[in-house]
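For reference, positions follow the sequence shown, starting with 1. Note that ligands are numbered from 1 as they come in the structure, with each ligand's atoms numbered from 1 the same way.
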Amino acid sequence: MTRVLLAEDDTAIAEPLARALRREGYEVQVHGDGASALAGAQDGIDLVVLDLGLPSMDGLDVCRELRARGNAVPVLVLTARADEVDTVVGLDAGADDYVTKPFRLAELLARARALLRRGGPEPTATGRVRIDVDARQAFLDDQVVQLTAKEFDLLRLLVRESGRVVPREQIMREVWDADWYGSTKTLDMHISWLRRKLGDDAGQPQFISTVRGVGFRFERDA
Ligand code: CA
C-alpha cells in the first residue's frame, strides 16, 4: 500500500485532498501541524504533500529537517506564493516538486503519481513504441526513430504517462523548463513533428491524442 502523508492545516483543503488521494488508492494520514508531520514522516511514508504555512513548524523547516536527517522521501510542496518556489525546490529546502494554490486536483494527483514513480522503474514502452532512456533513443517497431533532443524529452514524458492526459502546462515545465503563460505553439509544433515521425495521422491519431483544452495523451496500447 502506498502511504501518503498530507501536512495541511486548512481543513477546507486537507479534507477534499485526502479524499482524492484515497480514491487514488493511497493510504493517507493527515497532519495539521509541522511538528507532527515531521514525526509522522519518519515511518515508511512514500510521499509527503506539504503545505508551507503550518502551525508549530513551518513547512520549509519540516522539509529541511527531513533532509538533514537523511530522509529522502519525495516531498511535494503546496505553496500559495509563486515567489517562494525557488527556495522550495532549490537545494535549500530539498523539496522535489511544488504545486501553487489554488491548484487543480488533477494536476496535483499527476505530480504525486510522478514522484511516487521515481522510486520505481519509469514506464518506457507502449505497444509499438519503446524508449531507451540511457541511450536517449526511441524505437517504433524496433526501428530507431530519429528525434531531436526536445522531441525525445516530449516523447519520453508522454510514454511515461501513457494512458493519461498530460496537461500542457506540465509538458511546458518538464520539457521546456518554462512556466506556462498561455502560448504553447512550440509544443503544438513538436507534437506535430512527433506524430509525423511516428507515422501518426493528426486527423485520426493512433499514438498521440489531443485532449482539447487540457493537453495530450499517448495511447497505452498504441
Ligand atoms: Ca496553511
Going by heavy atoms in the side chains, are Glu24 and Val4 under 4.5 Å from each other?
no

For the Ca ion (ligand 1), decide whether Leu54 has an N, O or S atom at a distance under 3.0 Å.
no

What N/O/S atom of Asp9 is the closest to the Ca ion (ligand 1)?
OD1

Please find the pair of heavy atoms, one from Arg67 and one from Val73, that lie closest to each other, and give the distance.
NH1-O, 2.8 Å

Name of the Asp51 atom (N/O/S only) found closest to the Ca ion (ligand 1):
OD2

For residues Arg113 and Thr2, is any side-chain donor paired with an opposing acceptor at under 3.5 Å?
no

Please work out which of the three classes, parallel, tilted or perpendicular, describes the rings of Phe218 and Phe207, given edges at 30° and 60°.
tilted

